[in-house]
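Let me begin by presenting the structure, written as structure tokens, before commenting on it.
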Amino acid sequence: MSTSVPSNVAGIHPTITPVPQTPPPGDSPAPPGAAPERLASWISDLTALHDLTERLARTSTLRDALHETLRAGAHLIGARRGLIALRPPAPGDREGPTAPDRLTGYGLTPADLGQLETVPPAAAPHTRLLDGAGDGATTELTHPDLAADDTLDPRLRDVARLLGCAAGHAALLTAEPGTSTGTGTAHRLLAAALWLYDEAAEPDQRQRELLTRYLRHAAQHLAHHAALATARAELATLREGLLPGRLPYLPGVTLAAHHRPRPAGGGGDFYDALALPDGALGLAIGSTAAAGDTGAATVAAVGRLRAGLRAYAVMEGEDPVAVLSDLELLLRLTEPARSATALYGFAEPAAGKLVLASAGHPPPLVVGEHRTEFADTTLSAPLGMLACWEAPSVEIDLAQGETVLLYSAGLLHRTGEPRDRAFARLQSAARAATPRVRADPQALIDHILRALPAGAAAKAGGPYDGREETVLLAARFH
């Protein structure tokens, strides 16, 4: 029986209720030290969950987040392998992840995943959870001994035996309302995960509870990554749609292009090649960016610049300076806070002439049998930087078999070196091309990309991290 006893604490005499020493009737006495052991176990579990969720929070892509979720789940329930199947997008659903990310394995080869995909959806634990998620009842499935369970589909048991899997535990991942879409549904289904054991086993109650707590957090994180991956894919599709679908065919000239977009979509580089009247050719390349730009804003700016440049090239393409002057006026009127670099050239293949004007863009490189040199377009400033843009034009006489290479600044940044040394490396790479490579503009582009690998800057300690956009446009005159 508990009683209140007086206690003297710093001159104060409050009434303190002591901890009961006698268990209530009907309860068995707890063994000595049980409470501290339980407390230590809880602290250990919470610490483990904290560490795992921190690792998950550091992932930057959907694929990395899926792999980390599988790794953490395997650690929590003592499994060695696993996979996650993402929910296929419903018709008209913009939130569905891209196809390559719908099935991710952990400790499983692509061939292993292919074998698991041959199991009928109604028999595989993870697809059964996805298909039956609407009833709101089943959130996990456990098969502690696949070989001994005669109720399972024979194909599932055959695949398990082929992969050396003796048991499996599947769990459903769902996101709370409004995680990424703001919909009012009770839960928005994301995925189902399946972990595989090498021996007959199943997670105990404590492991199940830890896994449930972890997956509740992981589902929220995956929902954000899935929405972001979808937005990036749509932005990249839009970005590619703003570039030429195909290059024109003109007598006397062969064209080739290379575009390496940024992994996150967006990107401010553009290029174009236009067939103009009387067999003439317009060549253009440029770049735009602004501090604090979102990817969508940059893509919109690229679309406006390229559309304006095409219109001005058709109207007054013989005068590249006038084309860039009109483009500068368009930029100033539509986006006065934005600057851009651009280079436009008017070529007459039959006459072997090219007239260029540049607005702060890297100079084109002329590659031929007897010369490999840059065109002199240094006396120019980017569009939107001066009160009134103006620059001289440059005329180049092209010999038969010579190639004009236009490129973005991203090609120079691949080297991770100062600008003058980057130009020298580019010139040396083009000069080292064999006659057979110089005769094919696409082969020349590939040769230069191999000579200036994307990882060169990282090896040299430079700032380039392989995430910058790269554009090359080559025109060989013959």
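This one's a predicted model, so the numbers in the text were calculated from it and none came from an experiment.
Taking a 6.0 Å sphere around CD of E54, one finds it holds more than 12 heavy atoms contributed by other residues, nucleotides or ligands. Counting heavy atoms of neighbouring residues, nucleotides and ligands inside a 6.0 Å radius, atom CZ of R421 does not exceed 12 of them. With a 6.0 Å radius and a threshold of 12 heavy atoms from other residues, nucleotides or ligands, R213 has its CZ atom at or below the threshold.
By the 4.5 Å heavy-atom criterion applied to side chains, L331 and L327 are not counted as neighbours. Counting heavy atoms from C-beta on, the side chains of Y214 and L52 come closer than 4.5 Å. Using a 4.5 Å heavy-atom cutoff, the side chains of T470 and H259 are not in contact. The shortest distance between side-chain heavy atoms of L305 and F270 falls below 4.5 Å. Under the 4.5 Å side-chain criterion, counting only non-hydrogen atoms from C-beta, I77 is not in contact with D204. Between Y407 and L473, every side-chain heavy-atom pair lies at or beyond the 4.5 Å cut-off. By the 4.5 Å heavy-atom criterion applied to side chains, L411 and L472 are counted as neighbours. For the pair L83/T104, no side-chain contact is recorded, criterion being any heavy-atom separation below 4.5 Å from C-beta on.
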Which is it for E469 and R260 under the salt bridge (Lys or Arg N to Asp or Glu O under 4.0 Å) test, yes or no, and what are the steps along the way? CA-CA 6 Å; E469 194 170 17; R260 182 184 184 277; over 6 Å; no
In sequence, state the C-alpha distance, the side-chain angles, and the governing distance for E209 and R206, and then conclude on salt bridge (Lys or Arg N to Asp or Glu O under 4.0 Å). CA-CA 5 Å; E209 291 177 357; R206 170 176 166 271; over 6 Å; no
Could you walk me through whether L228 and T61 pass side chain to side chain contact (heavy atoms under 4.5 Å, CB included), step by step? CA-CA 9 Å; L228 184 59; T61 66; over 6 Å; no
Between Q115 and R155, is a side chain to side chain contact (heavy atoms under 4.5 Å, CB included) present by the stated rule, with each step listed? CA-CA 10 Å; Q115 290 288 346; R155 182 56 188 165; 3.1 Å; yes
Walk me through it: do D446 and Q442 pass the test side chain to side chain contact (heavy atoms under 4.5 Å, CB included)? CA-CA 6 Å; D446 295 339; Q442 186 61 59; 3.3 Å; yes
Before you tell me yes or no, could you show the steps for L129 and L194 under side chain to side chain contact (heavy atoms under 4.5 Å, CB included), namely the whole-Å CA-CA distance, both residues' side-chain angles and the distance that decides it to 0.1 Å? CA-CA 10 Å; L129 287 178; L194 171 65; over 6 Å; no
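Taking both residues in full, the closest heavy atoms of Y197 and G78 are given as CE2-O, 3.6 Å, listed atom of the first, atom of the second, then distance. Closest approach of A85 and L130 over heavy atoms only: O-CD1, 3.8 Å. Nearest heavy-atom pair across L330 and G308 is CD2-CA, 4.0 Å. Taking both residues in full, the closest heavy atoms of T403 and A474 are given as CG2-CB, 4.0 Å, listed atom of the first, atom of the second, then distance. When all heavy atoms of L172 and A192 are compared, the closest pair comes out as CD1-CB, 4.2 Å. A201 and A167 get closest at one heavy-atom pair: O-CB, 3.3 Å.
Here the side chain of T415 pairs a donor or acceptor atom with the backbone of E417 at under 3.5 angstrom. Remark: side-chain polar atoms of S408 are paired, donor with acceptor, to backbone N or O of V471 under 3.5 angstrom. At distances below 3.5 Å, not a single donor-acceptor pair connects side-chain atoms of T341 with backbone N or O atoms of H361. Judged by distance alone, with hydrogens and angles left aside, the side-chain atoms of W195 form no donor-acceptor pair with the main-chain N or O of R80 at under 3.5 Å. Side-chain atoms of T174 never come within 3.5 Å of backbone atoms of A219 as a donor-acceptor pair (strictly under, hydrogens ignored).
By the side-chain hydrogen bond (donor to acceptor under 3.5 Å, both in side chains) test, D440 is found to be paired with no residue, residues two or more places apart in sequence or in another chain being considered. The side-chain hydrogen bond (donor to acceptor under 3.5 Å, both in side chains) test applied to T254 returns H478, not counting sequence neighbours. For E202, the salt bridge (charged side-chain N to carboxylate O under 4.0 Å, His left out) partners two or more places apart in sequence, or in a different chain, are R208. Considering only residues two or more places apart in sequence or on other chains, T69 meets the side-chain hydrogen bond (donor to acceptor under 3.5 Å, both in side chains) condition with none of them. Take H169 and apply the side-chain hydrogen bond (donor to acceptor under 3.5 Å, both in side chains) test, not counting sequence neighbours, and it matches T142.
If you take CG on L426 and CG on L452, they are separated by 6.0 Å, rounding to the nearest 0.5 Å. A distance of 7.5 Å separates OG1 in T53 from CG in L56, rounded to the nearest 0.5 Å. Separating the CG atom in L405 from the CD1 atom in I445 is a distance of 6.5 Å, to the nearest 0.5 Å. Expressed to the nearest 0.5 Å, how far CG of L76 lies from CZ of R71 amounts to 9.0 Å. Separating the CD1 atom in I448 from the CZ atom in R425 is a distance of 12.5 Å, to the nearest 0.5 Å. Annotation: the span from H75 atom NE2 to D51 atom CG amounts to 8.5 Å, rounded to 0.5 Å.
Between the side chains of R304 and T334, not a single donor N or O lies within less than 3.5 Å of an accepting N or O.
Taking the charged nitrogens against the carboxylate oxygens, R81 and D112 have no contact shorter than 4.0 Å, which rules out a salt bridge.
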Indicate every side-chain donor-acceptor pair of residues 156-165 with a distance under 3.5 Å to a residue at least two apart or in another chain.
from, atom 1, to, atom 2, distance (Å)
R157, NH2, A147, O, 2.8
D158, OD1, R161, NH2, 2.6

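By the 30° and 60° cut-offs, the orientation of the rings of H225 relative to H221 is perpendicular.
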